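Owing to the predicted nature of the structure, the values given are computational and were not obtained by experimental measurement.
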Amino acid sequence: MTNWTRFRLGYVAMSVNVKNCSPSQTMTYKRFQQLDDKEAAVSRLERIARSNLHNCLRLLKHNNAHDIKFFRLSSRLVPLATHEALNGWNYMQAIRNDLRALGDFARKHTMRLDFHPDHFVVLNSPKESVFNGSVKNLLHHVQLVDGMGIDLTHRSVLHVGGTYKNKPKAIEQFISNWSYVPDDVQRMLMIENDDKSFNLQDCLYLGEKLGIPVVFDYHHHLANHEDPDWTSHWNRVVNSWRNSPHPLKMHISSPKNEQAFRSHADLVDSDMFMRFLKEVNGSVAEMDCMIEAKQKDGALFQLMQDLKGRDDIEMVDEASFYVKT
DNA sequence: CCCGGTCAAGGCCTT
DNA sequence: AAGGCCTTGACCGGG
């Protein structure tokens with residue numbers, strides 16, 4: 001138990017302020033197929049990947065200028081990286097320097113970077129092909145983290161997966177599949193409650209059983225819960241992070257509206273956020289809050305602006321603060 | 001230049 | 001069994 005918590009804000013993948021700086025440029029497989037000169041096509045993929053990483057570095061510089069030390073990298077940095085048609089493609093060779101530059105900058109400025117692989121990475125699938133494809137994708141993420149030269153532990157957040165019409169069975173499937181997940185990947189992962197299937201208590205059950213930190217998504221919890229009172233489970237969330245080198249991490253977003261409750265709004269509602277912060281304040285020394293909003297870093301800046309006017313907030317810098325109790 | 005259709009990957013719901 | 005939808009940013013081609 002500590003006195004106050006230092007809260008740090010982060011955002012996802014791209015900036016609304018830095019123009020022409022996409023870290024997710026791509027080439028679809030269809031397009032790749034249409035190109036006759038495969039060697040040229042591959043070097044075009046490599047150019048795109050390098051450009052994505054270069055843009056990431058620009059984003060990190062922008063973040064650093066605004067004290068933002070927490071950032072989720074795009075999971076589409078290297079187009080077609082794990083596509084079977086490109087088996088044997090040594091993209092790491094092509095991106096090594098850019099990747100290293102990214103990691104060097106992050107380390108120099110003590111930034112926390114992580115990933116959130118796309119929804120088709122499903123570790124509890126009963127289909128072997130889906131499971132294997134998921135592991136392949138996650139091993140790609142391991143390579144990226146290693147290539148940046150930063151520690152692998154707890155860098156990638158994942159949902160539990162599908163329910164397949166039998167949630168208890170799907171949870172047990174996750175546990176049995178877990179034993180086939182490579183050690184590196186296991187070490188890299190965190191699990192997050194989702195908005196339709198696996199709620200906070202499901203994640204805590206798995207997290208405790210398998211030693212995986214639980215990322216609490218407050219918005220998902222509002223949309224999908226077994227027990228609406230998350231506070232009575234909070235100490236278990238805190239505890240799931242006890243062996244992590246990183247502070248507890250959570251996701252913050254606001255519903256778009258009542259009809260599309262599960263969709264992300266442009267901005268984060270600061271009153272809702274403050275109510276949440278007051279509940280958790282003091283439970284840990286530091287906490288990282290990932291802002292998931294349409295307006296990306298714009299939402300982060302707006303939120304900080306909203307908090308700035310309050311007398312129960314003590315600002316540390318442009319992206320972190322204490323809550324006074 | 002703008003706009004609508006399309007795109008590797010899973011799961012789920014409807015028909 | 002098959003097709004549409006979810007969700008999302010990027011890109012392509014047509015107007």
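- Note on A:S74: nothing from the nucleic acid sits closer than 4.0 angstrom, heavy atoms only.
- Stem regions annotated for DNA chain B: B:1-7 with C:9-15, B:10-15 with C:1-6, counting only runs of 3 or more consecutive pairs of Watson-Crick or G-U type with both contacts under 3.5 Å.
- Nearest to the side chain of A:Q25, among C:dC11, C:dT7, B:dA8, sits C:dC11.
- In this structure, the nucleotide among C:dC12, B:dG10, C:dA10 sitting nearest to the side chain of A:H119 is B:dG10.
- When rounded to the nearest whole Å, the span between CZ of A:R262 and P of B:dG11 equals 17 Å.
- Residue A:I150 is not grouped with residue A:F70 when hydrophobic side chains (ILVMFWY) are merged at heavy-atom distances under 4.5 angstrom, including chains of intermediate members.
- Listed pair A:Y29 / B:dC7 fails the phosphate criterion, with no side-chain N or O lying under 4.0 Å from OP1 or OP2.
- Here A:F120 counts as stacked on B:dA9: its ring centre is under 5.5 angstrom from the base ring centre and the planes meet at under 30°.
- When each of C:dT7, B:dA8, B:dG11 is scored by its nearest atom to the side-chain atoms of A:Y164, the top-ranked nucleotide is B:dG11.
- Separation of the C1' atoms belonging to C:dA1 and B:dA8 is 22 Å when rounded to the nearest angstrom.
- Across all strands shown, A:G133 has no heavy atoms under 4.0 Å from either base or sugar-phosphate atoms.
- Spacing between atom CG of A:N20 and atom C1' of C:dA10 amounts to 13 Å, rounded to whole angstrom units.
- Checked for salt-bridge contact, A:D271 and A:R310 meet the test: a charged N lies under 4.0 Å from a carboxylate O.
- The nucleotide whose nearest atom lies closest to any side-chain atom of A:V122 is, among C:dA10, B:dG10, B:dA8, B:dG10.
- Note on A:V280: it clusters hydrophobically with A:L9, by side-chain heavy-atom contacts below 4.5 Å among ILVMFWY residues.
- C:dG13 atom P lies 11 Å from atom NZ of A:K30, rounded to whole Å.
- Nucleotides C:dG4 and B:dG5 place their C1' atoms 15 Å apart, quoted to the nearest Å.
- The cationic atom of A:K38 (NZ for Lys, CZ for Arg) lies less than 6.0 Å from the six-membered ring centre of A:F32 and within 45° of the ring axis.
- Going from atom CD of A:Q34 over to atom P of B:dC7 covers 10 Å, rounded to whole Å.
- Rounded to an integer number of Å, the gap from CG of A:D194 to P of C:dC6 is 18 Å.
- A:K294 comes within contact range of the sugar-phosphate backbone alone, with a heavy-atom separation under 4.0 Å but no base atom that close.
- Taking side-chain N and O atoms only, A:T26 has no distance below 4.0 Å to OP1 or OP2 of C:dA10.
- Rounded to whole Å, atom P of B:dG10 lies 14 Å from atom CG of A:N124.
- In terms of position along DNA chain C, the nucleotide closest to A:M14 lies nearer the 5' end than the nucleotide closest to the other residue of the pair A:M14 and A:R31.
- Atom P of C:dT8 sits at a distance of 24 Å from the matching atom of B:dC2, rounded to the whole Å.
- Per the geometry, NZ belonging to A:K296 stands 11 Å off C1' belonging to C:dT7, to the nearest Å.
- Using modelled atom types and a 3.5 Å distance limit, the side chains of A:H140 and A:T82 yield no donor-acceptor pair.
- Residue-level contact check: A:N137 touches the bases, meaning some heavy atom is under 4.0 Å from a base atom.
- Salt-bridge check for A:E84 with A:K136: failed, with every basic side-chain N at 4.0 Å or more from each acidic carboxylate O.
- Neither side chain, A:H109 nor A:N63, offers a donor N or O lying under 3.5 Å from an acceptor on the other.
- A side-chain donor-acceptor contact under 3.5 Å links A:D317 and A:S320.
- For the pair A:S22 and C:dG9, the criterion of a side-chain N or O lying under 4.0 Å from OP1 or OP2 is not met.
- Between B:dG11 and A:K196, no contact under 4.0 Å exists linking OP1 or OP2 to a side-chain N or O.
- Residue A:A260 is classed as having no contact, given no heavy-atom separation below 4.0 Å to the nucleic acid.
- Spacing between atom CZ of A:F261 and atom P of C:dT7 amounts to 14 Å, rounded to whole angstrom units.
- Backbone-only engagement by A:T163 is indicated by non-hydrogen atom pairs under 4.0 Å involving sugar-phosphate atoms exclusively.
- Of the charged side-chain nitrogens involved, at least one lies within less than 4.0 Å of a carboxylate oxygen, so that A:R8 and A:D288 count as a salt-bridged pair.
- Comparing the same atom, P, in C:dT7 and in B:dT14 gives a spacing of 15 Å after rounding to whole Å.
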